[in-house]
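Working notes, beginning with the structure itself.
Residue numbers start from 1 in every chain, and the chains themselves are labelled A, B, ... in the order their sequence lines are given, proteins ahead of strands. Everything numeric here is computed off the predicted structure, so don't read it as measured data.
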Protein chains: 2
Amino acid sequence: MKKTIENISYRKSTEELAGLAKALGHPTRIAILKHLENQSCCFTGDLVDVFPLAQSTISQHLKELKNAGLIQGELKPPKIKYCIHQENWNKAKLLFEELFNSQSSIKIEKCG
Amino acid sequence: MKKTIENISYRKSTEELAGLAKALGHPTRIAILKHLENQSCCFTGDLVDVFPLAQSTISQHLKELKNAGLIQGELKPPKIKYCIHQENWNKAKLLFEELFNSQSSIKIEKCG
DNA sequence: ATTTCTAATCGTAAACATACGATAGATATT
DNA sequence: AATATCTATCGTATGTTTACGATTAGAAAT
């Protein structure tokens, strides 16, 4: 990003969808989510055993998923239990569905 | 990426989904796709008028969408007509559906 | 042949992402 | 109080992305 151009603004749903997609845009994070879907929840340590990555790296990925709202962490001292954030997960699902299903049949044919 | 670790390999569908999500992970590219859905197709030049971005930047975004397989370009000299790649679009749709719907009810409860 | 039009590519700067090890903080256990 | 455990955060190196302007390439029209 060369220019510190005043940022282009898009519709809220566009920004949201892009943000979610970005969070999903790494295989490790997809794998973590798939793991959570089977598992109902897990701890950081579990994932460190599953993936050949440093604990700090896993933690970083979890943070991104949490920032995107896709997962939530619950304190279970001394551990932290991560689960899918069901409400946001459903919202995300809807946003993707909207993208993939919204091809209007009334298309503006501008092309030759 | 500090380490030139021999790359972790994930299941094919995980890699594919992550790749697609990454391509969707920028608001400009989401907006381009939404535009294509209404429009049935468009030319690079059209998008340059719609978005306050340089022509080279738009072209770059189109390239990424093309690499991800989400759009295709058809030569209409001297222009190039871009459309949604319907077959891959449907595949992508399925992969996301699979992610969002696959929460197994038989969850392995490992958590306290 | 020259000009015009469209879009890709090149070169580049700045920002962001991904990985690591090391360290710090919070809570149990001893 | 001291120790052990778990996880987040810091600092850092390296690779990738995003933006730009300039240039190039291809086709059509003059």
Side-chain angles (χ1 to χ4, degrees), chain A residues 1-10 15 18-32 41-68 71-83 110-112, chain B residues 1-10 15 18-32 41-68 71-83 110-112:
Chain A
M1 296 140 196
K2 202 184 209 171
K3 283 256 179 87
T4 316
I5 219 168
E6 69 269 45
N7 266 341
I8 312 159
S9 66
Y10 294 92
E15 297 277 8
L20 289 164
K22 196 176 181 185
L24 297 173
H26 194 287
T28 297
R29 290 195 289 271
I30 296 284
I32 289 173
C41 61
C42 70
F43 305 101
T44 309
D46 301 344
L47 297 172
V48 174
D49 295 337
V50 173
F51 299 102
L53 291 170
Q55 179 265 321
S56 55
T57 303
I58 300 285
S59 186
Q60 220 169 216
H61 282 302
L62 288 171
K63 191 181 178 184
E64 282 207 50
L65 290 172
K66 205 166 54 177
N67 287 345
I71 64 172
Q72 60 193 329
E74 187 189 335
L75 264 144
K76 286 271 179 178
K79 300 186 179 184
I80 294 171
K81 184 173 106 176
Y82 284 106
C83 316
K110 277 201 182 163
C111 321
Chain B
M1 291 138 202
K2 202 182 208 170
K3 283 257 180 86
T4 315
I5 218 168
E6 69 267 43
N7 267 341
I8 311 157
S9 66
Y10 294 92
E15 296 277 7
L20 289 165
K22 196 175 180 186
L24 296 175
H26 193 286
T28 297
R29 291 196 288 273
I30 296 283
I32 288 172
C41 62
C42 70
F43 305 102
T44 309
D46 302 344
L47 298 172
V48 174
D49 295 337
V50 173
F51 298 101
L53 292 169
Q55 178 265 320
S56 55
T57 303
I58 299 287
S59 186
Q60 221 169 217
H61 282 303
L62 288 170
K63 191 181 178 182
E64 281 207 51
L65 289 171
K66 204 164 57 178
N67 287 344
I71 64 171
Q72 60 191 329
E74 186 191 332
L75 264 144
K76 287 268 177 178
K79 300 185 177 183
I80 294 170
K81 183 172 106 177
Y82 283 105
C83 316
K110 276 198 185 167
C111 319

With a 3.5 Å cut-off and sequence neighbours excluded, list the donor-acceptor pairs that the side chains of residues 60-67 of chain A form with protein atoms.
residue	atom	partner	partner atom	Å
A:His61	ND1	A:Arg29	NH1	2.9
A:Glu64	OE2	A:Arg29	NH1	3.4

What nucleic acid atoms does A:Lys66 come within less than 4.0 Å of, heavy atoms only: base, sugar-phosphate, or nothing?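 Result for A:Lys66 = nothing.
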In Å, rounded to the nearest 0.5 Å, how long is the span from [atom1] of [X] to [atom2] of [Y]?
X: A:Ile8; Y: B:Phe51; atom1: CD1; atom2: CZ; value: 8.5 Å
X: B:Thr28; Y: B:Ile58; atom1: OG1; atom2: CD1; value: 6.5 Å
X: B:Asp49; Y: B:Cys42; atom1: CG; atom2: SG; value: 11.0 Å

Ignoring backbone atoms, test whether [X] places a side-chain nitrogen or oxygen under 4.0 Å from the OP1 or OP2 oxygen of [N].
X: B:Thr44; N: C:dA8; value: yes
X: B:His61; N: D:dT17; value: no
X: A:Lys22; N: C:dA17; value: yes
X: B:Ser59; N: C:dA8; value: yes
X: B:Thr57; N: D:dT18; value: no

Between C:dC10, C:dA7, C:dC20, spot the one nearest the side chain of B:Ser56, thanks.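 Minimum distance to the B:Ser56 side chain belongs to C:dC10.
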Taking atom types as they are modelled, would you say the side chain of B:Gln60 forms a donor-acceptor pair with the base of D:dA19 within the 3.5 Å cutoff?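 Pair found.
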I'd like to know if A:Gln55 reaches the base of D:dA8 with its side chain such that a donor and an acceptor end up less than 3.5 angstrom apart.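 It does, because a donor-acceptor pair links the side chain of A:Gln55 to the base of D:dA8 below 3.5 Å.
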